[in-house]
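Structure record follows, encoded as structure tokens.
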Amino acid sequence: MPRPDQVGPARTHPPVHDVVAAVVRKVPARTAVRTGTDAVTYRELDLWAGQIARRLAAAEVGRGDHVGVLVEPSPAMVAAALGALRAGAAYVPLDPAMPAGDLRAALSGAAVRCVVTRSTAAARPAGLGAVRLPTVAVESHGTLPVPEREGAATPVSAPDGSAYVTVPVPRGAGASGGVVVTHAELSAATLSRRALCPGTPVLLLAEPLTHEVAAAGLWATLTAGGRLILASEEQTREPGALARLVERHRVTQLLCTSGLFDELLGAAVRPGLQQQLRTLDTVTLAAGPPAASLINRHETLLGRAVALVDVTRSTTTPAAGAAVDADTDVDADADADADADARGRFGRPDAVVRRLARPAPRTRAGAGAVPTY
């Protein structure tokens, strides 16, 4: 785990989809995203996203538009988000299980221009009055045709342009709470996540992709050439199933809620289950601060060699785009929102490390400086 004094302010970096494209050229055959039933390599993910981007462009979707991604956690969801970015648009992750009223409010509150979804679900957003592209989402990457234009240009993304939009919170007849995250902020979040969790990760994501911390984990994994394991809703309800995922895929990083991690550690007292978690080196907690008993149990069962990152800790939130002076006390106000950490504290990975890291004595390869693309 890097110390704050080992991590400096981030430079301006290219948008995450450009970084992923560079990773594709380096490791095209490496697995990028996996679920229990499906997996795609970086090359397959790239082709899939390119197809979606072309279809979005054909529908006159481009820079400044918001594209709803109404797909369950899967390689298809990641391809759709990547395709929207490559088309120059911002993606809005949507949960297919949302009630109709909440989905309608989210589509309206996020100013969604069109929806990428599976063909079997295409009628749903259309029934809510949303523009739809029923042929955008491909049911299986194995059905991809030969690309029509392999080298089609990707629109240039400005640092202050929209990258993704958090799902608005339905309130009454409308929606509020959605936040536009720029490319600069998403890059900062990605760099901060990689500073906290260095190396080439195998990340088990047991947190909804609609949450900001999950977005940071997703892009940090793919820009590092790592492997993203997406847990199903059923697997997140069964600690033993999560432990088997960790063992089967040799997971190094786990991102989940404090409550789920507490259940996992509670099950780890059973013979053999603790051994299944031996490959972990980092656990990131979200959606509620961990109790002292959870932290103590973590150290007892897994040892301090497994770093614990708590993204629920309150922070001082500077204004978007504001510079943070090196002498600023970022720990001064404990009453503010933690979203600045989820967005990389606007270019200060060292501030994020100081706020969130619970140091572990083991030094891992790659820990120290801000990672470079």
Side-chain angles (χ1 to χ4, degrees), residues 15-25 27-59 61-62 65-96 112 114-122 125 132-150 152 154-155 157 163-165 186 190 203 205 208-210 214-215 217-232:
V16 293
H17 57 281
D18 285 352
V19 183
V20 173
V23 173
V24 171
R25 293 190 291 270
V27 289
R30 181 180 295 173
T31 299
V33 187
R34 177 180 289 279
T35 63
T37 58
D38 199 10
V40 293
T41 65
Y42 275 91
R43 177 59 172 161
E44 290 168 335
L45 180 65
D46 181 67
L47 291 174
W48 201 349
Q51 184 184 62
I52 293 170
R54 288 192 295 274
R55 293 183 177 181
L56 287 170
V61 173
D65 289 328
H66 295 173
V67 174
V69 177
L70 189 63
V71 186
E72 78 287 351
S74 61
M77 186 275 168
V78 178
L82 185 58
L85 291 175
R86 286 178 55 171
Y91 72 95
V92 185
L94 300 167
D95 184 354
V112 168
C114 72
V115 177
V116 177
T117 188
R118 294 191 183 277
S119 58
T120 53
R132 64 187 175 102
L133 293 177
T135 60
V136 162
V138 179
E139 299 307 307
S140 171
H141 60 86
T143 66
L144 287 172
V146 176
E148 297 174 6
R149 290 184 296 162
E150 179 75 21
T154 298
S157 300
Y164 82 98
V165 183
L186 184 55
T190 298
L203 173 66
L205 194 56
L209 289 168
T210 54
L218 185 160
W219 297 115
T221 300
L222 296 182
T223 58
R227 182 158 31 109
L228 185 67
I229 312 297
L230 300 175
S232 67

I need the minimum non-hydrogen distance between [X] and [Y], along with the two atoms involved.
X	Y	answer
T210	P93	CG2-O, 3.4 Å
A214	P208	CB-O, 3.2 Å
V116	A80	CG1-CB, 3.7 Å
T35	P75	CG2-CD, 3.6 Å
W219	A81	CZ2-CB, 4.3 Å
A53	G83	CB-O, 3.4 Å

Run the side chain to side chain contact (heavy atoms under 4.5 Å, CB included) test against [X] and tell me which residues pass, sequence neighbours left out.
X	answer
T41	R43, E44
A231	L204, A206, Q235, T236, L242, L245
A224	R194, P201
T31	R34, A39, R227

- Task: Would you please name every residue forming a ring pair (Phe, Tyr, Trp, His ring centres under 6.0 Å) with Y42, sequence neighbours left out?
- Result: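 If we apply the ring pair (Phe, Tyr, Trp, His ring centres under 6.0 Å) test to Y42, skipping adjacent residues, there are no hits.
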
- Output, in order, the C-alpha distance, side-chain angles, deciding distance and verdict of side chain to side chain contact (heavy atoms under 4.5 Å, CB included) for L222 and L45. CA-CA 11 Å; L222 296 182; L45 180 65; 4.3 Å; yes

- Looking only at atom types and distance, does a side-chain atom of T223 sit under 3.5 Å from a main-chain N or O of V16, one as donor and one as acceptor?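 Here the side-chain-to-backbone pair does not exist.
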
Out of curiosity, [X] [atom1] to [Y] [atom2], how far, rounded to the nearest 0.5 Å?
X	Y	atom1	atom2	value
L94	M77	CG	CE	8.5 Å
T221	L228	OG1	CG	5.5 Å
L186	L85	CG	CG	7.5 Å

- Message: With a 4.0 Å cut-off on N to O distance, would you call R86 and D46 a salt bridge?
- Response: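 Here R86 pairs with D46 in a salt bridge, since their nearest N and O are under 4.0 Å apart.
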
- Indicate yes or no: at least one non-hydrogen side-chain atom of V33 is less than 4.5 angstrom from one of L218.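 No; the side chains remain at least 4.5 Å from each other.
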
- Is the closest side-chain heavy-atom distance between D65 and L56 below 4.5 Å?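 A side-chain contact under 4.5 Å is absent here.
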
